[in-house]
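What follows is one structure encoded as C-alpha coordinates, with my remarks underneath.
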Amino acid sequence: MKNHVRNLLLLCICIGTFQVLQAQDFYNKLYDTYNSYKEESIKTRRFTHDQIIPLITALKNKPFFEVNRVGTSIKGKSLNLISFGQGSTDVFLWSQMHGDESTATMAIFDIINFFQSDDFKDEKKEMLSNLRIHFLPMLNPDGAELFTRRNALGIDVNRDALRLQSPEGKTLKRVRDSLEADFGFNLHDQSTYYNANRTPKPATISYLAPAFNYEKDINDVRKRAIKLIGYMNNILQQYAPGQVGRYNDDFEPRAFGDNIQKWGTSTVLIESGGYPNDPEKQEIRKLNFVTILSAIYAIANKEYEKVPQEVYFKIPENDRKLFDLKLTGVQYELLEKIYTVDLGINTHEVSAHNPNGYFDRGGIADMGDLSTYYGYRELDASAYHVVPAKIYPKAMHSVGELMENGVKWLLKDGYAYVVIKNIPADMNASSVPVHILAEEKPIQFSLHVGANPTFFLQKDGKLQYLVINGFLVDLEQPEKGFGNALIYK
Ligand SMILES: [Zn+2]
(Lines give C-alpha, C1' and ligand atoms only; values in the text may rest on other atoms or scores of the structure.)
Protein backbone atom coordinates (compact mmCIF):
# COMPACT_ATOMS: atom_id res chain seq x y z
CA MET A 1 0.00 0.00 0.00
CA LYS A 2 1.29 3.45 -0.90
CA ASN A 3 2.18 5.55 2.14
CA HIS A 4 -0.21 8.42 1.49
CA VAL A 5 -3.11 6.00 0.91
CA ARG A 6 -2.32 4.27 4.18
CA ASN A 7 -2.07 7.61 5.97
CA LEU A 8 -5.41 8.66 4.54
CA LEU A 9 -6.94 5.37 5.66
CA LEU A 10 -5.47 5.76 9.15
CA LEU A 11 -6.81 9.29 9.26
CA CYS A 12 -10.30 8.06 8.32
CA ILE A 13 -10.19 5.35 10.98
CA CYS A 14 -8.99 7.92 13.52
CA ILE A 15 -11.78 10.35 12.64
CA GLY A 16 -14.27 7.50 12.89
CA THR A 17 -12.94 6.52 16.31
CA PHE A 18 -12.88 10.14 17.36
CA GLN A 19 -16.56 10.54 16.44
CA VAL A 20 -17.48 7.44 18.41
CA LEU A 21 -15.47 8.66 21.41
CA GLN A 22 -17.06 12.07 21.15
CA ALA A 23 -20.53 10.50 21.06
CA GLN A 24 -19.63 8.30 24.03
CA ASP A 25 -18.50 11.35 25.94
CA PHE A 26 -21.85 13.00 25.18
CA TYR A 27 -23.82 10.00 26.48
CA ASN A 28 -21.70 9.71 29.62
CA LYS A 29 -22.30 13.37 30.38
CA LEU A 30 -26.00 13.01 29.64
CA TYR A 31 -26.20 10.09 32.03
CA ASP A 32 -24.21 11.89 34.72
CA THR A 33 -26.12 15.17 34.51
CA TYR A 34 -29.55 13.58 34.14
CA ASN A 35 -30.82 14.91 37.47
CA SER A 36 -30.60 18.49 36.25
CA TYR A 37 -33.19 17.72 33.53
CA LYS A 38 -35.44 15.45 35.57
CA GLU A 39 -38.96 16.88 35.69
CA GLU A 40 -39.37 17.18 39.44
CA SER A 41 -43.17 17.50 39.47
CA ILE A 42 -43.42 13.80 38.55
CA LYS A 43 -41.87 11.49 41.11
CA THR A 44 -43.76 8.22 40.86
CA ARG A 45 -45.31 6.00 38.20
CA ARG A 46 -48.89 6.92 38.98
CA PHE A 47 -49.75 10.41 37.76
CA THR A 48 -52.63 11.79 35.79
CA HIS A 49 -53.43 14.04 32.83
CA ASP A 50 -54.05 16.90 35.29
CA GLN A 51 -50.40 16.71 36.31
CA ILE A 52 -48.92 16.91 32.81
CA ILE A 53 -51.21 19.64 31.45
CA PRO A 54 -49.41 22.48 33.30
CA LEU A 55 -46.11 21.22 31.85
CA ILE A 56 -47.56 21.25 28.32
CA THR A 57 -49.31 24.61 28.78
CA ALA A 58 -46.04 26.21 29.89
CA LEU A 59 -44.47 25.26 26.55
CA LYS A 60 -47.12 27.18 24.60
CA ASN A 61 -45.51 30.47 25.63
CA LYS A 62 -42.11 29.43 24.36
CA PRO A 63 -41.42 30.12 20.68
CA PHE A 64 -39.06 27.12 20.55
CA PHE A 65 -42.05 24.76 20.82
CA GLU A 66 -45.18 24.34 18.78
CA VAL A 67 -48.00 22.79 20.80
CA ASN A 68 -51.15 21.54 19.11
CA ARG A 69 -54.18 19.84 20.50
CA VAL A 70 -54.52 16.94 18.06
CA GLY A 71 -57.33 14.95 19.65
CA THR A 72 -59.53 14.22 22.63
CA SER A 73 -59.91 11.05 24.69
CA ILE A 74 -63.31 9.42 25.18
CA LYS A 75 -63.73 11.26 28.48
CA GLY A 76 -62.76 14.60 26.97
CA LYS A 77 -59.11 14.90 27.92
CA SER A 78 -56.82 16.67 25.46
CA LEU A 79 -54.20 14.82 23.40
CA ASN A 80 -51.33 17.17 22.63
CA LEU A 81 -48.52 17.17 20.13
CA ILE A 82 -45.35 19.03 21.11
CA SER A 83 -43.08 19.76 18.10
CA PHE A 84 -39.70 21.45 17.77
CA GLY A 85 -36.63 21.54 15.50
CA GLN A 86 -36.17 22.85 11.96
CA GLY A 87 -34.99 19.76 10.12
CA SER A 88 -36.62 17.82 7.32
CA THR A 89 -36.59 14.40 9.03
CA ASP A 90 -39.71 13.91 11.16
CA VAL A 91 -39.33 11.86 14.33
CA PHE A 92 -42.60 11.06 16.08
CA LEU A 93 -42.73 9.60 19.61
CA TRP A 94 -45.90 8.66 21.50
CA SER A 95 -46.24 7.19 24.97
CA GLN A 96 -48.69 5.52 27.32
CA MET A 97 -51.31 4.20 24.89
CA HIS A 98 -51.64 1.73 27.75
CA GLY A 99 -52.70 3.82 30.73
CA ASP A 100 -50.59 1.97 33.29
CA GLU A 101 -47.34 2.24 31.26
CA SER A 102 -46.02 5.64 32.23
CA THR A 103 -42.21 5.33 32.33
CA ALA A 104 -41.58 6.92 28.92
CA THR A 105 -44.05 9.74 29.61
CA MET A 106 -41.83 10.75 32.54
CA ALA A 107 -38.76 10.56 30.30
CA ILE A 108 -40.41 12.69 27.59
CA PHE A 109 -40.79 15.60 30.03
CA ASP A 110 -37.15 15.12 31.11
CA ILE A 111 -36.08 15.28 27.44
CA ILE A 112 -38.16 18.43 26.90
CA ASN A 113 -36.31 19.98 29.86
CA PHE A 114 -33.03 18.90 28.29
CA PHE A 115 -33.88 20.74 25.07
CA GLN A 116 -34.77 23.86 27.07
CA SER A 117 -31.41 23.94 28.84
CA ASP A 118 -28.30 25.75 27.62
CA ASP A 119 -26.09 22.64 27.74
CA PHE A 120 -24.75 20.48 24.90
CA LYS A 121 -25.09 23.24 22.29
CA ASP A 122 -23.23 21.41 19.51
CA GLU A 123 -25.15 18.17 19.85
CA LYS A 124 -28.47 20.00 20.07
CA LYS A 125 -27.63 22.08 17.01
CA GLU A 126 -26.99 18.89 15.07
CA MET A 127 -30.28 17.39 16.22
CA LEU A 128 -32.44 20.47 15.73
CA SER A 129 -31.06 21.42 12.33
CA ASN A 130 -31.61 17.94 10.92
CA LEU A 131 -34.80 16.86 12.66
CA ARG A 132 -38.26 17.93 13.57
CA ILE A 133 -39.18 16.10 16.76
CA HIS A 134 -42.80 15.47 17.80
CA PHE A 135 -43.88 14.15 21.19
CA LEU A 136 -47.38 12.91 21.96
CA PRO A 137 -47.21 12.03 25.66
CA MET A 138 -49.95 10.02 27.41
CA LEU A 139 -52.06 8.88 24.47
CA ASN A 140 -54.52 7.18 26.84
CA PRO A 141 -55.23 9.70 29.63
CA ASP A 142 -58.50 8.00 30.67
CA GLY A 143 -56.59 4.76 31.33
CA ALA A 144 -53.86 6.71 33.13
CA GLU A 145 -56.49 8.23 35.44
CA LEU A 146 -57.27 4.73 36.77
CA PHE A 147 -53.81 3.34 36.05
CA THR A 148 -55.28 0.65 33.80
CA ARG A 149 -54.12 -0.65 30.44
CA ARG A 150 -57.33 -0.12 28.49
CA ASN A 151 -59.13 3.07 27.46
CA ALA A 152 -62.54 4.27 28.68
CA LEU A 153 -64.30 2.10 26.10
CA GLY A 154 -62.59 -0.91 27.66
CA ILE A 155 -60.55 -1.78 24.57
CA ASP A 156 -56.81 -2.15 24.08
CA VAL A 157 -55.85 0.82 21.91
CA ASN A 158 -52.96 -1.25 20.57
CA ARG A 159 -55.42 -3.63 18.91
CA ASP A 160 -57.35 -0.80 17.25
CA ALA A 161 -54.99 0.18 14.43
CA LEU A 162 -57.31 -1.27 11.75
CA ARG A 163 -60.82 -0.74 13.13
CA LEU A 164 -59.99 2.68 14.59
CA GLN A 165 -62.91 2.91 17.01
CA SER A 166 -61.02 4.70 19.77
CA PRO A 167 -60.48 8.46 19.43
CA GLU A 168 -56.99 7.81 20.86
CA GLY A 169 -56.14 5.35 18.06
CA LYS A 170 -57.69 7.61 15.43
CA THR A 171 -55.54 10.50 16.68
CA LEU A 172 -52.38 8.42 16.52
CA LYS A 173 -53.12 7.36 12.94
CA ARG A 174 -54.07 10.87 11.84
CA VAL A 175 -50.92 12.42 13.33
CA ARG A 176 -48.69 9.74 11.79
CA ASP A 177 -50.30 10.29 8.40
CA SER A 178 -50.15 14.07 8.56
CA LEU A 179 -46.45 14.02 9.51
CA GLU A 180 -45.56 11.16 7.19
CA ALA A 181 -43.04 10.57 9.97
CA ASP A 182 -39.69 9.09 8.95
CA PHE A 183 -39.18 7.51 12.37
CA GLY A 184 -41.71 6.43 14.99
CA PHE A 185 -41.20 5.47 18.63
CA ASN A 186 -43.90 3.40 20.30
CA LEU A 187 -43.20 3.73 24.02
CA HIS A 188 -44.52 1.10 26.44
CA ASP A 189 -43.88 -0.75 29.69
CA GLN A 190 -43.61 -4.54 29.81
CA SER A 191 -43.82 -7.07 32.63
CA THR A 192 -41.07 -6.76 35.23
CA TYR A 193 -40.78 -10.56 35.10
CA TYR A 194 -39.08 -10.57 31.70
CA ASN A 195 -35.38 -11.42 31.74
CA ALA A 196 -32.74 -11.42 29.04
CA ASN A 197 -32.88 -15.00 27.73
CA ARG A 198 -30.90 -17.51 29.85
CA THR A 199 -29.60 -14.87 32.21
CA PRO A 200 -30.80 -13.75 35.65
CA LYS A 201 -30.79 -10.13 34.45
CA PRO A 202 -34.11 -8.38 34.03
CA ALA A 203 -34.96 -7.06 30.57
CA THR A 204 -34.92 -3.50 31.88
CA ILE A 205 -35.32 -2.18 28.36
CA SER A 206 -36.52 -4.29 25.44
CA TYR A 207 -36.52 -3.18 21.84
CA LEU A 208 -38.44 -4.32 18.81
CA ALA A 209 -38.43 -3.37 15.16
CA PRO A 210 -41.99 -4.63 14.58
CA ALA A 211 -42.68 -6.88 11.61
CA PHE A 212 -45.05 -5.56 8.95
CA ASN A 213 -46.10 -8.99 7.66
CA TYR A 214 -46.34 -12.59 8.86
CA GLU A 215 -43.17 -13.46 6.94
CA LYS A 216 -41.24 -10.92 9.03
CA ASP A 217 -39.64 -9.55 5.87
CA ILE A 218 -37.05 -6.82 6.15
CA ASN A 219 -37.57 -3.89 3.78
CA ASP A 220 -35.74 -0.57 3.88
CA VAL A 221 -38.21 0.89 6.38
CA ARG A 222 -37.78 -1.91 8.89
CA LYS A 223 -34.06 -2.15 8.20
CA ARG A 224 -33.59 1.44 9.39
CA ALA A 225 -35.38 0.56 12.64
CA ILE A 226 -33.23 -2.57 13.05
CA LYS A 227 -30.00 -0.62 12.59
CA LEU A 228 -31.15 2.15 14.88
CA ILE A 229 -31.93 -0.36 17.63
CA GLY A 230 -28.46 -1.86 17.16
CA TYR A 231 -27.03 1.59 17.80
CA MET A 232 -29.28 2.20 20.82
CA ASN A 233 -28.34 -1.18 22.26
CA ASN A 234 -24.60 -0.48 21.93
CA ILE A 235 -25.06 2.70 23.96
CA LEU A 236 -27.51 1.39 26.55
CA GLN A 237 -25.41 -1.70 27.34
CA GLN A 238 -22.90 0.64 28.97
CA TYR A 239 -25.44 1.86 31.52
CA ALA A 240 -27.43 -1.36 32.01
CA PRO A 241 -25.06 -4.16 30.99
CA GLY A 242 -26.89 -7.35 30.06
CA GLN A 243 -30.24 -5.80 30.89
CA VAL A 244 -31.46 -5.35 27.32
CA GLY A 245 -33.87 -7.71 25.61
CA ARG A 246 -35.37 -8.16 22.17
CA TYR A 247 -39.16 -8.28 22.14
CA ASN A 248 -41.01 -11.00 20.27
CA ASP A 249 -41.41 -9.99 16.62
CA ASP A 250 -44.46 -12.07 15.69
CA PHE A 251 -46.64 -9.99 13.39
CA GLU A 252 -49.82 -8.65 15.04
CA PRO A 253 -52.03 -7.28 12.25
CA ARG A 254 -54.13 -5.15 14.64
CA ALA A 255 -51.28 -3.43 16.48
CA PHE A 256 -50.04 0.09 15.86
CA GLY A 257 -46.31 -0.62 15.82
CA ASP A 258 -46.70 -3.25 13.11
CA ASN A 259 -49.00 -1.06 11.02
CA ILE A 260 -46.98 2.12 11.40
CA GLN A 261 -43.97 0.16 10.13
CA LYS A 262 -46.18 -1.02 7.26
CA TRP A 263 -47.33 2.54 6.52
CA GLY A 264 -43.71 3.55 5.90
CA THR A 265 -42.48 4.98 9.21
CA SER A 266 -39.38 3.20 10.55
CA THR A 267 -40.75 2.13 13.92
CA VAL A 268 -38.98 1.27 17.15
CA LEU A 269 -40.82 -0.19 20.12
CA ILE A 270 -39.24 0.52 23.50
CA GLU A 271 -40.55 -1.51 26.42
CA SER A 272 -39.58 -0.55 29.96
CA GLY A 273 -39.39 -3.58 32.24
CA GLY A 274 -37.99 -4.05 35.72
CA TYR A 275 -34.86 -2.98 37.57
CA PRO A 276 -33.85 -4.24 41.02
CA ASN A 277 -35.10 -2.07 43.90
CA ASP A 278 -36.72 0.43 41.55
CA PRO A 279 -40.47 -0.02 42.11
CA GLU A 280 -41.29 3.49 40.89
CA LYS A 281 -39.15 3.01 37.78
CA GLN A 282 -37.07 6.14 38.29
CA GLU A 283 -33.83 4.42 37.25
CA ILE A 284 -35.60 3.02 34.17
CA ARG A 285 -36.92 6.52 33.43
CA LYS A 286 -33.28 7.67 33.31
CA LEU A 287 -32.39 4.83 30.93
CA ASN A 288 -35.33 5.88 28.73
CA PHE A 289 -33.95 9.41 28.71
CA VAL A 290 -30.55 8.19 27.53
CA THR A 291 -31.78 5.64 25.01
CA ILE A 292 -34.35 7.96 23.38
CA LEU A 293 -31.82 10.79 23.13
CA SER A 294 -29.21 8.41 21.71
CA ALA A 295 -31.70 7.45 19.00
CA ILE A 296 -32.55 11.06 18.21
CA TYR A 297 -28.86 11.96 18.00
CA ALA A 298 -28.01 8.95 15.84
CA ILE A 299 -30.84 9.74 13.42
CA ALA A 300 -29.60 13.33 13.17
CA ASN A 301 -25.96 12.42 12.45
CA LYS A 302 -26.89 9.17 10.62
CA GLU A 303 -24.43 7.19 12.76
CA TYR A 304 -26.96 4.37 13.10
CA GLU A 305 -26.58 3.58 9.39
CA LYS A 306 -23.12 2.16 10.09
CA VAL A 307 -24.39 -0.45 12.54
CA PRO A 308 -24.78 -3.91 10.99
CA GLN A 309 -28.21 -5.55 11.27
CA GLU A 310 -26.70 -8.49 13.19
CA VAL A 311 -26.28 -6.32 16.28
CA TYR A 312 -30.07 -6.26 16.63
CA PHE A 313 -30.48 -9.99 16.12
CA LYS A 314 -27.76 -10.73 18.68
CA ILE A 315 -29.68 -8.96 21.47
CA PRO A 316 -30.98 -11.77 23.72
CA GLU A 317 -34.67 -12.42 23.33
CA ASN A 318 -37.07 -11.62 26.14
CA ASP A 319 -37.83 -14.57 28.35
CA ARG A 320 -40.21 -14.65 31.29
CA LYS A 321 -38.24 -16.42 33.97
CA LEU A 322 -38.09 -13.93 36.83
CA PHE A 323 -39.90 -13.88 40.14
CA ASP A 324 -39.88 -11.18 42.77
CA LEU A 325 -38.62 -13.78 45.23
CA LYS A 326 -37.22 -17.22 44.58
CA LEU A 327 -36.65 -19.64 47.46
CA THR A 328 -34.58 -22.62 46.45
CA GLY A 329 -35.07 -26.02 48.04
CA VAL A 330 -37.27 -25.27 51.03
CA GLN A 331 -38.11 -28.28 53.20
CA TYR A 332 -41.89 -28.59 53.26
CA GLU A 333 -43.76 -31.14 55.32
CA LEU A 334 -47.01 -32.53 53.94
CA LEU A 335 -48.88 -35.46 55.56
CA GLU A 336 -45.84 -36.35 57.66
CA LYS A 337 -43.42 -36.50 54.74
CA ILE A 338 -40.83 -33.89 53.88
CA TYR A 339 -40.42 -32.65 50.31
CA THR A 340 -37.88 -30.32 48.71
CA VAL A 341 -39.54 -27.57 46.64
CA ASP A 342 -38.49 -24.29 45.07
CA LEU A 343 -40.99 -21.45 45.44
CA GLY A 344 -41.47 -18.67 42.90
CA ILE A 345 -43.26 -15.77 44.56
CA ASN A 346 -44.60 -12.58 42.98
CA THR A 347 -46.28 -9.52 44.41
CA HIS A 348 -49.06 -7.77 42.54
CA GLU A 349 -50.23 -4.22 42.94
CA VAL A 350 -53.73 -3.52 44.17
CA SER A 351 -54.90 0.06 43.54
CA ALA A 352 -55.81 1.84 46.76
CA HIS A 353 -56.39 5.30 48.16
CA ASN A 354 -53.14 5.64 50.05
CA PRO A 355 -50.07 7.81 49.43
CA ASN A 356 -48.54 5.25 47.03
CA GLY A 357 -51.81 4.68 45.16
CA TYR A 358 -51.50 0.93 45.72
CA PHE A 359 -50.48 -1.82 48.08
CA ASP A 360 -48.94 -5.20 47.30
CA ARG A 361 -50.51 -8.63 47.51
CA GLY A 362 -48.19 -11.62 47.27
CA GLY A 363 -48.90 -14.99 45.71
CA ILE A 364 -47.06 -18.21 44.96
CA ALA A 365 -46.65 -18.08 41.16
CA ASP A 366 -45.03 -21.48 40.75
CA MET A 367 -43.51 -24.27 42.83
CA GLY A 368 -41.48 -27.43 42.23
CA ASP A 369 -38.19 -27.60 40.36
CA LEU A 370 -37.63 -23.97 39.37
CA SER A 371 -33.95 -24.39 38.55
CA THR A 372 -34.40 -22.63 35.18
CA TYR A 373 -35.87 -19.54 36.89
CA TYR A 374 -34.40 -16.55 38.70
CA GLY A 375 -35.49 -14.04 41.34
CA TYR A 376 -34.96 -10.34 41.90
CA ARG A 377 -34.28 -11.66 45.38
CA GLU A 378 -33.08 -15.21 45.92
CA LEU A 379 -32.46 -17.33 48.99
CA ASP A 380 -30.91 -20.78 49.12
CA ALA A 381 -33.41 -22.24 51.59
CA SER A 382 -32.25 -25.85 51.41
CA ALA A 383 -31.35 -25.89 55.10
CA TYR A 384 -34.67 -24.35 56.13
CA HIS A 385 -37.95 -25.93 57.16
CA VAL A 386 -41.30 -24.28 56.48
CA VAL A 387 -43.13 -23.49 59.72
CA PRO A 388 -46.70 -22.14 59.55
CA ALA A 389 -47.24 -18.73 61.16
CA LYS A 390 -49.48 -18.49 64.25
CA ILE A 391 -52.10 -16.00 65.42
CA TYR A 392 -51.11 -14.08 68.55
CA PRO A 393 -53.62 -15.32 71.15
CA LYS A 394 -54.45 -11.97 72.74
CA ALA A 395 -56.42 -9.43 70.69
CA MET A 396 -55.11 -5.87 70.58
CA HIS A 397 -57.31 -2.81 70.86
CA SER A 398 -55.77 -0.67 68.18
CA VAL A 399 -53.13 -0.48 65.49
CA GLY A 400 -51.32 1.97 67.76
CA GLU A 401 -50.90 -0.78 70.36
CA LEU A 402 -49.25 -2.99 67.74
CA MET A 403 -46.95 -0.18 66.61
CA GLU A 404 -45.97 0.83 70.14
CA ASN A 405 -44.29 -2.44 70.97
CA GLY A 406 -42.82 -3.21 67.56
CA VAL A 407 -43.13 -6.64 65.99
CA LYS A 408 -39.77 -8.28 66.65
CA TRP A 409 -40.96 -10.05 69.80
CA LEU A 410 -44.07 -11.40 68.03
CA LEU A 411 -42.08 -12.73 65.09
CA LYS A 412 -39.42 -14.37 67.28
CA ASP A 413 -42.15 -16.51 68.84
CA GLY A 414 -43.69 -17.47 65.50
CA TYR A 415 -46.63 -15.07 65.42
CA ALA A 416 -47.36 -13.29 62.13
CA TYR A 417 -51.09 -12.64 62.62
CA VAL A 418 -52.66 -10.36 65.19
CA VAL A 419 -56.32 -9.67 65.90
CA ILE A 420 -57.06 -5.96 66.23
CA LYS A 421 -60.47 -4.78 67.41
CA ASN A 422 -60.55 -1.33 65.85
CA ILE A 423 -59.08 -1.22 62.37
CA PRO A 424 -59.47 2.24 60.78
CA ALA A 425 -61.92 2.05 57.84
CA ASP A 426 -59.47 3.70 55.43
CA MET A 427 -56.57 1.41 56.31
CA ASN A 428 -55.99 -1.12 53.54
CA ALA A 429 -52.61 -2.66 54.30
CA SER A 430 -50.31 -3.28 57.24
CA SER A 431 -47.06 -1.33 57.24
CA VAL A 432 -45.36 -3.81 59.57
CA PRO A 433 -44.59 -7.46 58.78
CA VAL A 434 -47.66 -8.81 60.58
CA HIS A 435 -51.04 -9.57 59.04
CA ILE A 436 -53.96 -7.90 60.80
CA LEU A 437 -57.21 -9.78 61.36
CA ALA A 438 -60.50 -8.09 62.28
CA GLU A 439 -61.51 -11.20 64.20
CA GLU A 440 -59.98 -14.46 65.30
CA LYS A 441 -60.36 -17.20 62.69
CA PRO A 442 -58.42 -20.38 61.95
CA ILE A 443 -55.59 -20.06 59.40
CA GLN A 444 -55.56 -22.89 56.87
CA PHE A 445 -51.93 -23.24 55.90
CA SER A 446 -50.69 -24.91 52.75
CA LEU A 447 -48.28 -24.06 49.98
CA HIS A 448 -49.97 -24.00 46.59
CA VAL A 449 -49.99 -21.84 43.49
CA GLY A 450 -52.10 -18.78 44.21
CA ALA A 451 -51.71 -19.01 48.00
CA ASN A 452 -50.54 -15.93 49.89
CA PRO A 453 -47.05 -16.93 51.01
CA THR A 454 -46.86 -16.43 54.76
CA PHE A 455 -44.66 -18.80 56.81
CA PHE A 456 -41.47 -18.92 58.82
CA LEU A 457 -38.21 -20.53 57.78
CA GLN A 458 -36.56 -22.46 60.57
CA LYS A 459 -32.94 -23.65 60.68
CA ASP A 460 -31.37 -25.72 63.46
CA GLY A 461 -34.54 -25.37 65.51
CA LYS A 462 -34.55 -21.57 65.31
CA LEU A 463 -36.83 -19.27 63.30
CA GLN A 464 -34.62 -17.14 61.06
CA TYR A 465 -36.80 -15.70 58.33
CA LEU A 466 -40.42 -14.83 57.82
CA VAL A 467 -41.98 -14.86 54.38
CA ILE A 468 -45.03 -12.63 54.63
CA ASN A 469 -47.28 -11.52 51.78
CA GLY A 470 -44.43 -12.46 49.45
CA PHE A 471 -41.72 -10.43 51.20
CA LEU A 472 -38.68 -12.07 52.76
CA VAL A 473 -38.05 -10.70 56.22
CA ASP A 474 -34.87 -11.35 58.20
CA LEU A 475 -36.04 -11.67 61.81
CA GLU A 476 -32.98 -9.77 63.00
CA GLN A 477 -34.00 -6.70 60.95
CA PRO A 478 -37.69 -7.14 60.14
CA GLU A 479 -38.28 -3.76 58.46
CA LYS A 480 -35.56 -4.21 55.82
CA GLY A 481 -36.76 -4.99 52.29
CA PHE A 482 -40.34 -5.27 53.44
CA GLY A 483 -43.32 -3.80 51.57
CA ASN A 484 -46.62 -4.42 53.32
CA ALA A 485 -48.65 -7.18 54.96
CA LEU A 486 -52.40 -7.56 54.60
CA ILE A 487 -55.51 -6.71 56.54
CA TYR A 488 -58.24 -9.36 56.68
CA LYS A 489 -61.43 -7.53 57.55
ZN1 LIG B 1 -48.09 -1.46 26.31
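Atoms within a ligand are numbered from 1 in the order they appear, just like the ligands themselves.
The atom name of the N/O/S atom in His98 closest to the Zn ion (ligand 1) is ND1. Taking the Zn ion (ligand 1) as reference, the nearest N/O/S atom within His188 carries the name ND1.
Contact annotation: Glu101 places an N, O or S atom under 2.8 Å from the Zn ion (ligand 1).
Between Asp156 and Arg149, at least one side-chain nitrogen of the basic residue sits less than 4.0 Å from a carboxylate oxygen of the acidic one, meeting the salt-bridge criterion. In this structure, Asp160 does not pair ionically with Arg150, as no charged nitrogen and carboxylate oxygen lie closer than 4.0 Å. Electrostatic pairing of Arg46 and Glu349 counts as a salt bridge here, judged by a charged N lying under 4.0 Å from a carboxylate O.
Applying the side chain to side chain donor-acceptor pair (under 3.5 Å) definition to pairs two or more places apart or across chains, those involving residues 359-370 are Asp369-Ser371.
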